[in-house]
Student: 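Here you go, one structure.
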Amino acid sequence: MAASNADIAELFSRYADLLEIQGANPFRVRAYRNAARVVADSGRSMSDRMAAGEALDDLPGIGKDLAAKIGTIVRTGALPQLAELETRVPRALGELMNLPGLGPKRVKSLYRELGIRNREDLQRAIRSGALRSLHGFGPKTTARIAAAIERRAVAPQRYRLVDAEQAAAPLLACLGAMPGVETVEVAGSLRRRRDMVGDIDILVTARRGAPVTHAFTRHDAVASVLAVGATRASVQLHNGMQVDLRLVPAASHGAALHYFTGSKPHVVAVRGIAVAKGLKINEYGVYRGGRRIAGRTEDEVFAAVGLPFIPPELRENRGEIEAAADGRLPTLVELGDVRGDLHAHTVASDGHDSLQAMADAARALGYDYLAITDHSRRVRVAHGLDTRDLRAQFAEIDRLNAGFRGFRLLKSAEVDILGDGHLDLPDAVLSEMDVVVVAAHYQLGLPAGKQTARILRALDNRRVQILAHPTTRLVNQRPEFAAHMESIFAAAAERGVAMEINAQPDRLDLDDVHARAARAAGCKLVVSTDAHAAAGLANMRHGVDQARRAWLAASDVLNTLPLERLLRALRR
DNA sequence: GCCGTTTTCGGCCCGACTGTTTTCAGTCG
């Protein structure tokens, strides 16, 4: 089995960590970190690119050397240079850099001076007091490290987007009510709408900073203060999340928002353009010599380096800067473009509301249509429906539809894909549906070859129109199943099957990278909520967020179409 | 290690805060 993009990225990251500890050229280290990101974010696997004879050094930040190393990893599953380096620098040292206050310099000193090779060694050294003798390790630093080791602290924790959003809301409200505060906004990965976020970043504009940052650290939700100054504060909340507050004057708002929204690689790239133009960008503005020429708005900052405004969702340095420079930025889909929802459950299976209640909620959102997609019989925990149950539901839908104007419930089902790729309902009842949605719920642990064949077999059924939550991942709980998604996208594109972006905060499946790859492969896409109650229809915005991160325009999303055009577009 | 509207060599984003320092390195974002 050829190494996956994730495998390659992992090896490059580990190599970068050890190089950094060794004291290598920081730009060389950055090159490996950058390569890890570029490979991980690439929608196509490196092994497929190689098989297709494509040059890997066409990828940004990948030159001859890294291209060759990727080739080696794909063929052998290993990076010899990493193995060689690990004979001199213990591999567990890289993980020590995840501890707060420990960077490459201190980790190197721990290893060189005290022979500390891993977390257990470090814990022993702290207990024995051996660290006290070491330059740069005072009582506070030592205590902080000890506390982090005690708390587990393996890798930095990440949170679902909605959870971070919820934790941020009271803080934003509190800041907004403080005297002297002019504006309050979220920035960081929360503003970029990433599916998982590591911390909450908040930007405030105010004349005088210190009173605001200090008052902020006394908020009820704050468990501990990590740092506080006149322009910044970092705190940890009782729920464990870290919040970084930044404060600037209004004249710097745009520059600070751009800087603080990130992503880091995006910001570094934009600042690089500025340098090439003889400018300097920091969080206070854009400067020519000592003179500030922009900074009040993000538009100004982008314009100063010759770019149009780039939506936050695109700021990952995944080609958005080049696209912006060439005038090729897409007009991203918006929540208001959505005309209906194609995945929703009722009390008939595992939903909580009736057909009538779901229809009312969809009409209240201004939708033209709502597909009712209760589970098929195989999903017993969800009281899956059989043919007879479905026909009864269809009759009920007909009756309700007769009373609607400008709105229609669509007859459908979330048909289970059985282990062998057959569908859980006979073709006869599928052909009575307005739209056929299929999904896998069981046997998610099949080996990649079998899993892929299973899904492809399901797509072979000419009645199938939408593949729901295509990778079956659950955010922060379950990784995507082992399947060759590129083959699935290619087959779906050829057969005219749409891929779903499932908007449930727990799923967000397809994710941004896969959804972008699916579109590039020629797939149609839909954004659906998979609502299990009327209120769940409101999750559409989360799906739209991920669609935007996938560079999708309204024209890429079928459920932005009015009903008749939608049904035509879904036809195979 | 990558890259090229001044370049195939010599650059590579920039500032705040902490702790330990005796004027600043290291870490972090």
Side-chain angles (χ1 to χ4, degrees), chain A residues 12 15-16 19-21 23-38 56-70 81 96-110 131-132 134-145 148 156 187-189 197-203 209-210 213 217 225-235 242-248 252 255-256 258-287 301 305-306 317 321 325:
Chain A
F12 281 165
Y15 195 50
L19 281 176
E20 196 174 24
I21 291 167
N25 176 349
F27 298 104
R28 188 170 162 232
V29 174
R30 191 167 92 184
Y32 281 100
R33 294 237 159 88
N34 181 57
R37 182 185 58 80
V38 167
L56 298 179
D57 58 7
D58 286 349
L59 291 165
I62 308 292
K64 288 270 175 278
D65 180 274
L66 285 169
K69 288 190 168 82
I70 292 171
Q81 289 86 351
L96 290 184
M97 286 202 292
N98 286 330
L99 293 166
L102 282 189
K105 300 286 169 60
R106 286 189 180 133
V107 168
K108 181 179 186 178
S109 145
L110 287 171
L131 240 55
R132 274 200 290 274
L134 216 52
H135 183 84
F137 288 84
K140 289 201 174 180
T141 303
T142 307
R144 217 169 133 216
I145 295 169
S189 49
V197 306
D199 62 8
I200 297 169
D201 298 307
I202 302 175
L203 176 68
T213 54
T217 61
V225 180
L226 305 172
V228 58
T231 68
R232 272 176 50 172
S234 283
V235 301
Q242 184 172 329
V243 183
D244 294 325
L245 174 71
R246 291 294 308 248
L247 196 144
V248 295
S252 296
H258 179 252
Y259 153 72
F260 208 26
T261 295
S263 68
K264 186 170 179 174
H266 167 92
V267 170
V268 167
V270 170
R271 287 183 177 184
I273 296 173
V275 170
K277 290 179 182 293
L279 304 172
K280 183 181 79 165
I281 300 183
N282 59 26
E283 56 264 55
Y284 300 107
V286 183
Y287 297 83
V301 174
V305 292
N317 201 15
I321 294 170

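Atoms considered below: every heavy atom in the structure, side chains included; atoms not considered: hydrogens, waters and symmetry mates. Numbers restart at 1 for each chain; the letters A, B, ... are given by sequence-line order, proteins then strands.
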Student: Heavy atoms only: give me the nearest A:E283-A:V248 pair and the separation to one decimal.
Tutor: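 Taking A:E283 first and A:V248 second, the nearest heavy atoms are O-CG1, 4.4 Å.
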Student: Of all heavy-atom pairs between A:F260 and A:I202, which one has the smallest distance, and what is that distance?
Tutor: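 That would be CE2-O, 3.2 Å.
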Student: Starting at the 5' end of DNA chain B, which residue's closest nucleotide do you reach first, A:H135 or A:G101?
Tutor: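 In this pair, the answer is A:H135.
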Student: For each nucleotide in nucleotides 8-19 of chain B, reading 5' to 3', give B when a protein heavy atom comes within less than 4.0 Å of its base, S when such contact involves only the sugar-phosphate, and - otherwise.
Tutor: ----BBBBBSSS
Student: If the C1' atom of B:dC28 is compared with that of B:dC13, how far apart are they to the nearest Å?
Tutor: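 It comes out at 14 Å once rounded to the nearest Å.
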Student: Measure from CZ on A:F12 to C1' on B:dC2 and round the result to the nearest Å.
Tutor: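 The distance from CZ of A:F12 to C1' of B:dC2 comes to 13 Å, rounded to the nearest Å.
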Student: Could you measure between the two C1' atoms, the one in B:dG26 and the one in B:dT21, and give it in whole Å?
Tutor: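 My reading of the C1' atoms in B:dG26 and B:dT21 gives 12 Å.
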Student: Specify the separation, in whole Å, of atom CD of A:E20 and atom P of B:dC28.
Tutor: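 So the two atoms are 10 Å apart, to the nearest Å.
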Student: Nearest-nucleotide wise, let me know which of A:V107 and A:K69 is further upstream toward the 5' end of DNA chain B.
Tutor: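 By nearest-heavy-atom nucleotide position, the 5'-most residue is A:K69.
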Student: Take the protein atom CG of A:D58 and the nucleotide atom P of B:dC3, then report the distance between them rounded to whole Å.
Tutor: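 The distance from CG of A:D58 to P of B:dC3 comes to 10 Å, rounded to the nearest Å.
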Student: From the options A:R33, A:R30, A:K108, A:R28, select the one residue that forms a side chain to side chain donor-acceptor pair (under 3.5 Å) with A:E20.
Tutor: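 Testing each of A:R33, A:R30, A:K108, A:R28 against A:E20, the sole residue satisfying side chain to side chain donor-acceptor pair (under 3.5 Å) is A:R33.
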Student: If I pick the P atom on B:dT7 and the same atom on B:dG11, what distance separates them, to the nearest angstrom?
Tutor: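 One P to the other, the span is 14 Å.
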Student: I need the minimum non-hydrogen distance between A:L66 and A:A31, along with the two atoms involved.
Tutor: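 Nearest heavy atoms, A:L66 then A:A31: CD1-O, 4.0 Å.
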Student: Between A:I62 and A:A67, what is the shortest heavy-atom contact and its length?
Tutor: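 Smallest heavy-atom distance, with atoms named: CG2-N, 3.6 Å.
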Student: Now, which nucleotide makes the Watson-Crick or G-U wobble pair with B:dC9, with each of the two distances under 3.5 Å?
Tutor: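 Across all strands, the one nucleotide that pairs with B:dC9 is B:dG4.
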Student: Using atom CG of A:N317 as one end and atom P of B:dC2 as the other, report the distance to the nearest whole Å.
Tutor: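 So the CG-P distance, A:N317 to B:dC2, works out to 16 Å.
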Student: Would you mind reading off the distance between A:L134 atom CG and B:dG26 atom P, rounded to a whole angstrom?
Tutor: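 Taking CG of A:L134 and P of B:dG26, I get 12 Å after rounding.
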Student: Expressed in whole Å, how much space separates the C1' atoms belonging to B:dC3 and B:dT8?
Tutor: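 Those two atoms are separated by 9 Å.
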Student: Would you measure the distance from the P atom in B:dG4 across to the matching atom in B:dG15 and give it in whole Å?
Tutor: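 Going atom to atom, P in each nucleotide, I get 25 Å.
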Student: Any chance you could measure A:L279, atom CG, to A:R271, atom CZ, to the nearest 0.5 Å?
Tutor: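 Nearest 0.5 Å value for the CG-CZ distance: 13.0 Å.
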Student: What integer distance in Å separates A:L203:CG from B:dG29:C1'?
Tutor: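 Distance, rounded to whole Å: 14 Å.
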Student: Atom CG of A:D201 to atom C1' of B:dG29: distance rounded to whole Å?
Tutor: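 Value for this atom pair: 8 Å.
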Student: Could you check whether any side-chain N or O of A:S234 sits under 3.5 Å from a backbone N or O of A:A227, counting only pairs where one atom can act as donor and the other as acceptor?
Tutor: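 Checked: no pair found.
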Student: In whole angstroms, how far is the P atom of B:dC28 from the CG atom of A:L102?
Tutor: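 Nearest whole value for this atom pair: 7 Å.
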Student: When you compare B:dG1 with B:dT5, how far apart are their C1' atoms, in angstrom units rounded to a whole number?
Tutor: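 To the nearest whole Å, 24 Å.
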Student: Determine the interatomic distance between C1' on B:dT23 and the same-named atom on B:dG19; round to the nearest Å.
Tutor: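 Between the two C1' atoms, the distance is 14 Å.
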Student: Using a heavy-atom cut-off of under 4.0 Å over every strand shown, decide if A:Q242 touches base, sugar-phosphate, or nothing.
Tutor: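 Sugar-phosphate, backbone atoms only, no base.
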Student: First locate atom CZ of A:R106, then atom CG of A:L131, and finally report the distance between them rounded to the nearest 0.5 Å.
Tutor: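 Reported value, rounded in 0.5 Å steps: 10.5 Å.
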